[in-house]
Amino acid sequence: VPFRDHVQAVLQRPVELIPYADARGLMMALQRKTILYAMGPGTILAATQRLCSCVEPLATQPNRDGSVGLYSAVLVPTGGTFRSVSDIGDARLVITGEGSAVAHRVGLSELWSSDIVIDEQNIVFAPNLREAYARVAAGEAEAVLGWTRQVDGSVLFDQEPFNTLSDEDRASLRILWRSRPVTAHSHFAHRDLGEATLEALQSMLTGMTGTDGDAFDAIDRGSGRGFVARSLEDYDVVLDAFAYWNRLNP
């Protein structure tokens with residue numbers, strides 16, 4: 001494939017691409033050095049770092065609007081009584097996806113870090129935004145904790161996941177709060193590759209739009225924007241969330 005060929009040309013060594021069907025398998029392969037380079041969600045990068053302190057972020061591709069990834073977000077009815085996120089402490093909350101990394105794990109840990117603690121008795125779960133909205137519309141919940149790529153504005157854009165709602169339903173909700181950005185799909189590598197190779201891989205990714213358009217197109221996730229170098233600090237929000245949940249479940 002064009003991307004593999006490009007990596008081989010840069011590193012001057014054979015490269016094999018291996019698909020992994022589950023996150024745990026990918027994490028264990030990195031820990032055991034079965035693989036030394038990976039592409040996957042930023043949450044997997046952070047989880048692997050907690051497992052073995054052995055990974056180095058390389059780069060990510062920005063969203064179409066230039067933002068860096070995903071945000072946990074609190075959605076409330078338009079024109080309702082909620083004025084700030086501090087008002088939702090006693091609210092009945094529906095979370096999109098029990099155990100989900102961004103909405104559930106990051107969302108609650110970020111709220112907790114702002115001294116907003118949601119009573120577990122007031123939390124219910126829905127598998128997606130449409131069903132979460134239905135809970136609010138039916139009066140079973142007062143706010144939704146979900147996710148968005150929308151970096152600003154309270155009016156919901158017709159983009160994933162809000163594009164699953166009708167125009168009328170979108171207009172009846174607004175974004176009350178966003179978390180810190182969660183760095184999304186990432187390229188990362190095992191530190192044992194060595195500083196020179198890691199720097200070569202990072203330069204390869206960030207310069208790919210100007211050096212090999214076919215290789216870039218092969219891994220473009222739809223934004224068309226060139227890759228941006230990342231460091232571990234860019235994953236602090238996820239690492240902090242994992243640390244928070246680990247304290248709850250030692």
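Bear in mind that the values here come from a model prediction, so they are computed numbers and not experimental data. Residue numbers start at 1 and run along the sequence shown.
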Check the hydrophobic clustering (I, L, V, M, F, W, Y; side-chain heavy atoms under 4.5 Å; chains of links allowed) and say if Leu51 and Leu45 are grouped together.
yes

Would you mind checking if Asp65 and Arg149 are paired as a salt bridge, meaning a charged N to carboxylate O distance below 4.0 Å?
no

Whether the side chain of Arg174 engages the backbone of Val76 through a donor-acceptor N/O pair (distance < 3.5 Å, no angle test) should be reported.
no

Quick one about Ser172 and Asp169 (side-chain donor to acceptor, distance below 3.5 Å, no hydrogens or angles considered), yes or no?
no

Might you point out which heavy atoms bring Leu201 and Ala189 nearest each other, and give the distance in Å?
CD1-CB, 4.5 Å

Pro57 and Asp234, any side-chain heavy atoms less than 4.5 Å apart
no

Do the side chains of Trp177 and Leu75 join up, straight or via other hydrophobic residues, at under 4.5 Å, putting them in one cluster?
no

Donor-acceptor contact below 3.5 Å, side chain Gln159 vs main chain Thr148
no

I'd like to check Glu110 versus Arg180 (side-chain heavy atoms, cut-off strictly below 4.5 Å). Are they in contact?
yes

Under a plain distance cut-off of 3.5 Å, with no hydrogens placed, do Ser186 and Tyr235 share a side-chain donor-acceptor pair?
yes

Do Trp147 and Tyr71 make the cut of ring centroids closer than 6.0 angstrom?
no

Between Val1 and Leu17, is the side-chain contact (heavy atoms from CB on, under 4.5 Å) condition met? List the steps.
CA-CA 9 Å; Val1 296; Leu17 299 182; 3.5 Å; yes

Count I, L, V, M, F, W, Y as connected when their side-chain heavy atoms are under 4.5 Å apart, and connections chain through other members. Are Ile116 and Tyr244 then in the same cluster?
yes

Over 60° means perpendicular and under 30° means parallel, so classify the ring planes of Phe227 and Phe216, tilted if in between.
perpendicular

I need the minimum non-hydrogen distance between Cys54 and Gln49, along with the two atoms involved.
N-OE1, 3.4 Å

Side chain of Asn63, backbone of Gly66: donor and acceptor closer than 3.5 Å?
no

Atom pair CH2/CZ of Trp245 and Arg105 - distance to nearest 0.5 Å:
5.0 Å

Kindly determine whether Arg178 and Asp152 satisfy salt bridge (Lys or Arg N to Asp or Glu O under 4.0 Å), including the steps that lead there.
CA-CA 9 Å; Arg178 295 173 189 78; Asp152 55 17; 5.7 Å; no

side-chain contact (heavy atoms from CB on, under 4.5 Å) for Val124 and Arg135? Distances and angles first, verdict last.
CA-CA 9 Å; Val124 294; Arg135 294 277 189 118; 3.4 Å; yes

Look at atom CZ of Arg24 and say whether more than 12 heavy atoms of other residues, nucleotides or ligands are closer to it than 6.0 Å.
no

Between NZ on residue Lys33 and CG on residue Leu193, distance to nearest 0.5 Å
9.5 Å

Sub-4.5 Å side-chain heavy-atom contact between Leu30 and Ile44
no

Should we say atom CZ of Arg191 is surrounded by more than 12 heavy atoms from elsewhere, each under 6.0 Å from it?
yes

Before giving the answer on salt bridge (Lys or Arg N to Asp or Glu O under 4.0 Å), spell out for Glu140 and Arg92 the whole-Å C-alpha distance, their side-chain angles and the decisive distance to 0.1 Å.
CA-CA 8 Å; Glu140 299 172 9; Arg92 290 168 294 155; over 6 Å; no

Let me confirm one number: the CD-CG distance from Glu120 to Leu108, rounded to the nearest 0.5 Å.
8.5 Å

Please confirm whether the backbone N or O of Arg13 pairs with a side-chain atom of Gln8, one donor and one acceptor, at under 3.5 Å?
no

Which atom names give the shortest non-hydrogen contact between Ala132 and Val144, and what distance separates them?
CB-CG1, 4.0 Å

Would you check if the side chain of Gln202 reaches a backbone N or O of Leu58 as a donor-acceptor pair within less than 3.5 Å?
yes

Taking the side chain as everything from C-beta on, heavy atoms only, tell me whether Gln61 gets closer than 4.5 Å to His185.
no

Donor-acceptor pair, distance only, cut-off 3.5 Å: does the side chain of Asn122 make one with the backbone of Asp119?
no

Straight-line distance of Met27 CE to Asp22 CG, nearest 0.5 Å:
10.0 Å

Would you give the length of the straight line joining atom CE of Met28 to atom OH of Tyr20, rounded to the nearest 0.5 angstrom?
11.0 Å

Could you state the interatomic distance from OG (Ser154) to CG (Leu173), rounded to the nearest 0.5 Å?
11.0 Å

Hey, is the main chain of Arg225 close enough, under 3.5 Å, to the side chain of Ser223 for a donor-acceptor pair?
yes

Kindly indicate whether the side chain of Arg230, heavy atoms from C-beta on, has any atom under 4.5 Å from the side chain of Phe188.
no

Is the shortest heavy-atom distance from the side chain of His190 to the side chain of Tyr37 under 4.5 Å?
no

Within 6.0 angstrom of Asp90 CG, more than 12 heavy atoms from elsewhere
no

Polar side chain donor-acceptor pair, Ser231 to Glu233, under 3.5 angstrom
yes

Flag yes if Val85 and Ile175 sit in one hydrophobic cluster, no otherwise; membership is Ile, Leu, Val, Met, Phe, Trp, Tyr, and two members link when side-chain heavy atoms are under 4.5 Å apart.
no

What one should report as the nearest heavy-atom pair of Phe3 and Met208 is CE1-CE, 3.6 Å

Closest heavy-atom contact between Ala46 and Leu239?
O-CD2, 3.6 Å

Do Ile88 and Leu111 make a side-chain contact, defined as non-hydrogen atoms from C-beta onward lying under 4.5 Å apart?
yes

Verify side-chain contact (heavy atoms from CB on, under 4.5 Å) between Val136 and Val94, making sure each step is shown before the conclusion.
CA-CA 8 Å; Val136 174; Val94 54; 4.2 Å; yes

Do the non-hydrogen side-chain atoms of Val237 and Val182 ever get within less than 4.5 Å of each other?
yes

Ser72 and Val106 have their tightest heavy-atom pair at CB-CG1, 4.4 Å

Could you walk me through whether Arg170 and Phe157 pass the side-chain contact (heavy atoms from CB on, under 4.5 Å) check?
CA-CA 8 Å; Arg170 277 202 315 277; Phe157 300 158; over 6 Å; no

Short side-chain to backbone donor-acceptor contact, Arg4 and Glu16, under 3.5 Å:
no

Say whether Ile219 and Leu26 are linked into one hydrophobic cluster, either directly or through other cluster members, by side-chain heavy-atom distances under 4.5 angstrom.
no

Would the distance check show the side chain of Thr197 and the main-chain N or O of Gly194 forming a donor-acceptor pair, the cut-off being under 3.5 Å?
no

